[in-house]
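Notes to accompany the following structure.
All values below come from the heavy atoms of this structure, side chains included, with hydrogens, waters and symmetry mates left out.
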Amino acid sequence: MFPFALALAATWSHAADPGKTLRVVFTIAETSFDPQFASDAASDGVISNIYEAMLDYDYLARPVKVVPRTLESMPVIEDEGRTYICHIRRGIFFTADAAFKGKPRELTAADYAYGIKRLLDPAVKSPWIWLVEGKIAGSAEAIAKAAKAGRFDYEASIPGLEVVDRYTLKIRLAQPDLRFIYVLAVPNVSAVAREVVDAYGVDFGAHPVGTGPYILGAYKRSSKIVLDANPGYRESTYAPSGPLPADSQAIAAALKGRRLPFAGHIDISVIEEGQARWLAFLNRELDILDLIPPEFVVEALIGDKLRPELAARGIKHELLLRPNTWWTYFDMEDPVVGGYTPDKIALRRAIGMGNDVAEYIRVVMKGRAVPATSIVPPDIVGYDPTLKLQAQLYDPAAARALLDRFGYKDRDGDGYRETPDGKPLALEMWSPPTSFFRQADELWKKNMDAIGLRIVFKKDRTSELRKMARLGKIPMRYDGWNADYPDAENYMQLLYGPNTGGENNARFKLPAYDALYDEARKLPDSPQRTKLFDRMTELVIAYAPWRLSEHRLEDPLVQGWVKYYKPHPIRSQVWQYVDVDPRK
């Protein structure tokens with residue numbers, strides 16, 4: 001143990017500067033640091049810096065490009081995309097933990113196989129199961145066997161997961177899929193040490209142990225997270241693997257040959273209220289503000305440009321077109337807004353036509369978004385710019401007529417409609433208790449009042465809302481999704497029936513949609529595949545489990561002493577590449 005500790009200590013002279021702290025903020029609280037269980041942006045941002053997937057995205061290359069992270073080289077792909085052979089780099093170690101009983105623990109192919117099996121284990125309740133279920137040969141059978149036995153057999157072999165030797169993992173898919181390369185870059189498909197999971201049990205999510213550039217330091221749940229540079233992190237530098245935009249070339253030159261990470265500590269504050277985040281940044285208490293709170297956009301920008309008084313303080317502005325889509329979902333199992341009968345469909349479609357997205361973007365988002373015309377955002381493979389969504393246009397007159405036609409009428413004269421059978425009708429919408437959502441709620445009430453629908457609002461923190469959504473306890477809620485990888489499948493899975501209880505918060509279960517999704521998974525990127533996505537979108541418009549809202553623009557702000565920061569379209573937290581100048 002002593003020689004190993006000396007080796008770790010020695011690396012400090014070449015690794016991150018313990019005197020440098022990068023101060024950042026999350027707008028929502030984390031839920032868990034279990035990579036196979038967590039799915040919110042806050043948790044995943046920490047996970048991607050502690051744990052490591054086999055692949056990652058080049059920091060600066062555009063278009064985005066996947067590159068090796070813990071592999072010696074990119075996977076060897078055989079059988080037209082049916083087989084992926086992954087060679088793990090030797091000499092990568094997990095951070096020291098009591099679970100390893102004082103011995104250095106090297107990363108192996110078995111750790112990635114174990115992480116994938118955890119995705120399949122019904123007991124883990126992974127929202128990421130769709131990444132591998134049915135794709136890896138034998139995965140569906142393993143899940144079915146676990147459901148029958150009441151436990152997942154981690155010792156049993158799965159045909160599509162073969163640990164060839166200590167450093168080689170062979171993944172066989174049920175059918176060719178060249179997009180599977182993106183799965184290997186998702187942080188939630190990271191390697192996990194089984195000893196650590198066994199040691200901490202249900203509390204594993206609060207004790208992350210990975211191989212990445214940072215480790216969990218001080219931690220106060222839902223309030224403060226401090227990451228410390230991993231003293232045993234291997235030598236890592238940045239070298240671009242593809243074309244660089246002009247404004248990134250100087251950063252690449254400055255990073256050349258320099259060991260990562262730079263900052264010895266990442267100080268993460270959880271601040272849900274936009275005003276508090278804005279003031280903390282102005283008061284120089286934050287180094288990076290990933291998102292300008294919408295209610296303060298006019299104080300930060302004039303059009304797309306940073307205000308001169310902020311630029312004079314050395315603050316820098318980046319415009320990020322991150323692929324994202326936002327919507328309001330309806331729980332299809334809810335007795336009020338759910339259901340597949342014509343009257344229930346009519347209610348949801350009327351709600352959608354009564355919701356003025358353009359006013360929401362103008363008033364609440366301060367213009368920093370564009371109306372969503374598709375489930376799939378622009379710049380994602382499978383997006384069809386010709387797709388027209390007439391059924392989701394703002395048309396309150398048509399909404400009122402539709403409600404009248406299906407029997408939603410104001411029978412008692414109080415200004416609000418009752419159900420077709422005469423019972424009281426009230427929509428229940430949940431949202432976080434912040435000023436942003438209070439403003440959004442006011443607009444929703446105005447819009448629903450205009451078509452004669454009563455709406456009530458209930459509040460809880462975003463982390464709690466996500467838990468409730470998985471359990472089907474939220475009738476209506478506004479939510480969104482940033483791309484995990486640049487393909488439409490990443491969005492269409494949000495309404496795939498088998499993903500109910502995971503990321504299918506609408507609990508939408510339509511056999512026709514699921515059949516199209518399954519068919520699209522078998523096809524390469526092609527006009528034929530895009531047409532399947534279009535048909536799936538048309539079904540979503542017809543049944544209305546979602547009311548599409550917007551694709552957001554993002555405007556990160558950074559203080560003048562921050563160096564080498566460039567936001568990434570897929571990777572939200574790029575802390576290992578960022579440096580700070582304490583002198584400034």
Q) What residue pairs, at least two apart or across chains, pass ring-ring contact (aromatic ring centres under 6.0 Å, His included) with a residue in residues 24-54? A) Phe33-Tyr219
Q. Under 3.5 Å, is there a donor-acceptor pair between the side chain of Asp97 and the main chain of Phe100?
A. no
Q) Taking NZ, NE, NH1 and NH2 as the nitrogens, is one of them in Glu464 or Lys467 under 4.0 Å from a carboxylate oxygen of the other? A) yes
Q) Could you give the distance from CD (Glu106) to CZ (Arg89), rounded to the nearest 0.5 Å? A) 12.0 Å
Q | Pairwise distance CG(Leu443) to OH(Tyr360) - rounded to 0.5 angstrom | A | 9.0 Å
Q: Establish, from distance only, whether the side-chain atoms of Thr70 and Tyr112 form a donor-acceptor pair under 3.5 Å.
A: yes
**Q.** Test: Arg552 cationic atom under 6.0 Å from Trp326 six-membered ring centre, within 45° of axis
**A.** yes
**Q.** Donor-acceptor pair, side chain of Tyr491 and main chain of Ala483, under 3.5 angstrom
**A.** yes
Q: Calculate, to the nearest 0.5 Å, the distance between atoms CG and CG belonging to Leu310 and Leu557 respectively.
A: 7.5 Å
Q. Do side-chain atoms of Ser222 reach the backbone of Ala29 as a donor and acceptor pair under 3.5 angstrom?
A. no
**Q.** Charged N-O contact under 4.0 Å between Asp581 and Lys20
**A.** no
Q | Check: Tyr167 ring centre within less than 6.0 Å of His87 ring centre | A | no
Q | Nearest non-hydrogen partners of Pro35 and Trp128, listed with the distance | A | O-CD1, 4.2 Å
Q.
In terms of relative ring orientation, are His207 and Tyr200 parallel, tilted or perpendicular, with 30° and 60° separating the classes?
A. parallel
Q) Should the ring pair Tyr59 and Tyr577 be called parallel, tilted or perpendicular, given that the plane angle runs from 0 to 90° and is split at 30 and 60? A) parallel
(Q) I'd like to know whether NZ of Lys224 has more than 12 heavy-atom contacts from other residues, nucleotides or ligands below 6.0 angstrom. (A) yes
Q: For salt bridge (charged side-chain N to carboxylate O under 4.0 Å, His left out), just list the numbers for Glu195 and Lys101, CA-CA rounded to whole Å, side-chain angles, deciding distance to a tenth of an Å, and then say yes or no.
A: CA-CA 10 Å; Glu195 308 97 294; Lys101 303 186 185 305; over 6 Å; no
Q) Salt bridge between Glu72 and Arg90, side-chain N to carboxylate O under 4.0 Å? A) yes
Q | Contact summary for Pro261 and Ala229, nearest pair of heavy atoms | A | CG-CB, 4.5 Å
Q | Ionic contact status for Asp56 with Lys65, cut-off 4.0 Å | A | no
Q) Side-chain donor-acceptor pair under 3.5 Å between Tyr564 and Tyr238, yes or no? A) no
Q | CA sep, side-chain torsions, deciding dist, call: Ser39, Glu503, side chain to side chain donor-acceptor pair (under 3.5 Å) | A | CA-CA 8 Å; Ser39 66; Glu503 294 306 324; 2.7 Å; yes
Q | Polar contact flag, side-chain donor to acceptor under 3.5 angstrom, Arg221-Ser463 | A | no
**Q.** Glu299, CD: over 12 other non-hydrogen atoms inside 6.0 angstrom
**A.** yes
Q. What's the spacing between Leu169 CG and Leu71 CG if we round to 0.5 Å?
A. 9.0 Å
Q) Closest approach of Ile266 and Val24, non-hydrogen atoms and distance? A) CG2-CG2, 3.9 Å
Q. Passes salt bridge (charged side-chain N to carboxylate O under 4.0 Å, His left out), Lys135 versus Glu489? Steps please.
A. CA-CA 13 Å; Lys135 293 184 179 181; Glu489 178 189 62; 3.0 Å; yes
Q | Between Glu272 and Thr27, a side-chain donor and acceptor under 3.5 Å | A | no
Q. Are the charged groups of Arg322 and Glu554 less than 4.0 angstrom apart, N to O?
A. yes
Q. Quick one: does Asp460's side chain have a donor or acceptor within less than 3.5 Å of a partner on Leu465's backbone?
A. no
Q) Do Trp481 and Asn490 get their side chains close enough for a donor-acceptor pair, meaning under 3.5 Å? A) yes
Q | Straight-line distance of Tyr182 OH to Tyr485 OH, nearest 0.5 Å | A | 10.0 Å
Q | Spacing of Phe533 atom CZ and Thr530 atom OG1 [to the nearest 0.5 Å] | A | 7.0 Å
(Q) With a 6.0 Å cut-off (strictly less than), is the heavy-atom count around CG of Asp384, excluding the residue itself, greater than 12? (A) yes
Q: Only pairs at least two apart or in different chains count here, so list each salt bridge (Lys or Arg N to Asp or Glu O under 4.0 Å) that has a residue in residues 34-55.
A: Asp34-Arg118, Glu52-Arg69, Glu52-Arg234
(Q) Testing the 3.5 Å rule here: is there a donor-acceptor pair between the side chains of Gln559 and Trp561? (A) no
Q: Check the pair Lys566 / Asp247 against salt bridge (charged side-chain N to carboxylate O under 4.0 Å, His left out), numbers first and verdict last.
A: CA-CA 9 Å; Lys566 180 63 63 174; Asp247 61 354; 3.2 Å; yes
Q) Should we say atom NZ of Lys305 is surrounded by more than 12 heavy atoms from elsewhere, each under 6.0 Å from it? A) no
Q) Taking atom types as modelled and ignoring hydrogens, do the side chains of Thr95 and Asn230 form a donor-acceptor contact shorter than 3.5 angstrom? A) no
**Q.** Arg62 versus Pro245, closest heavy-atom pair with distance
**A.** CG-CG, 3.6 Å
Q: Measure across Leu227 and Asn49 and return the closest heavy-atom pair with its distance rounded to 0.1 Å.
A: CD1-CB, 4.3 Å
Q: Go through the steps to decide whether Ile361 and Val370 satisfy the test side-chain contact (heavy atoms from CB on, under 4.5 Å), and finish with yes or no.
A: CA-CA 7 Å; Ile361 291 174; Val370 296; 5.7 Å; no
Q. Do you know the tightest heavy-atom contact between Ala300 and Ile292?
A. CB-CD1, 3.7 Å
(Q) Can you list everything that forms a salt bridge (charged side-chain N to carboxylate O under 4.0 Å, His left out) with Asp287? Sequence neighbours excluded, please. (A) Arg23
Q. Among Thr21, Asp17, Asp228, which one satisfies side chain to side chain donor-acceptor pair (under 3.5 Å) with His265?
A. Asp228
Q: Let me see the working for Arg368 and Asp304 under salt bridge (charged side-chain N to carboxylate O under 4.0 Å, His left out), right down to the final yes or no.
A: CA-CA 9 Å; Arg368 305 308 290 163; Asp304 287 337; 2.6 Å; yes
